[in-house]
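The structure appears right after this line, and notes come after that.
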Amino acid sequence: GNVAHGEGQLGNEDRLSVASPVKMAGRILEDGEHEGLYGVKAVDVAAGMWHTVIVGHNGTVMTCGRGMEGQLGDEDPPPYQLLPCRVHVLYKKRVFAVKASAGR
């Protein structure tokens, strides 16, 4: 079976289903900022039906996947977040663990 079903929850910049695990993407931008998991070591990961939640070693919470029902944690997320993106409402909060669910 497939690992994911095309909602961006793998965080590898696309919505394709894959049959084996893949590395989440990240990169450094021209202004020195980074996006995705660049420089972030994941210490906890939770998977919902259509999204993934990641806690970084520095306590930052990031999400990726489908965001149409608010599951990515931001007020106005894109329909699909294809790279892990920081949850702004938790900025400067130190988080140690997360949970996700497949239900409503």
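Throughout, residue positions are numbered sequentially from 1 according to the sequence presented.
Put simply, CZ on Arg66 and CZ on Arg15 are 9.0 Å apart, with the number rounded to the nearest 0.5 Å. If you take CZ on Arg86 and OG1 on Thr63, they are separated by 11.5 Å, rounding to the nearest 0.5 Å. Taking CD of Gln9 as the reference point, atom OG of Ser17 lies at 8.0 Å (rounded to 0.5 Å). Annotation: the span from Leu16 atom CG to Asp14 atom CG amounts to 4.0 Å, rounded to 0.5 Å.
Clustering ILVMFWY residues whenever any of their side-chain heavy atoms sit less than 4.5 angstrom apart, transitively, puts Leu82 in a cluster other than the one holding Val22. Residue Leu72 is not grouped with residue Trp50 when hydrophobic side chains (ILVMFWY) are merged at heavy-atom distances under 4.5 angstrom, including chains of intermediate members.
Residues Ile54 and Leu37 meet the side-chain proximity criterion, which asks for heavy atoms closer than 4.5 Å. At a threshold of 4.5 Å between non-hydrogen side-chain atoms, the residues Met62 and Met24 do not count as touching. The shortest side-chain heavy-atom distance between Gln81 and Asp74 does not fall under the 4.5 Å cut-off.
Shortest non-hydrogen contact noted between Ala46 and Ala100 is CB-N, 3.7 Å. Nearest heavy atom pair, residue Leu83 against residue Ala25, reads CD2-CB, 3.3 Å.
Defined by atom type and a distance below 3.5 Å, a donor-acceptor pair is present between the side-chain atoms of Glu69 and Gln71.
Counting side-chain heavy-atom gaps under 4.5 Å among Ile, Leu, Val, Met, Phe, Trp and Tyr, the cluster of Val55 also holds Val43, Val53, Val61, Val87, Val89, Leu90, Val95, Val98.
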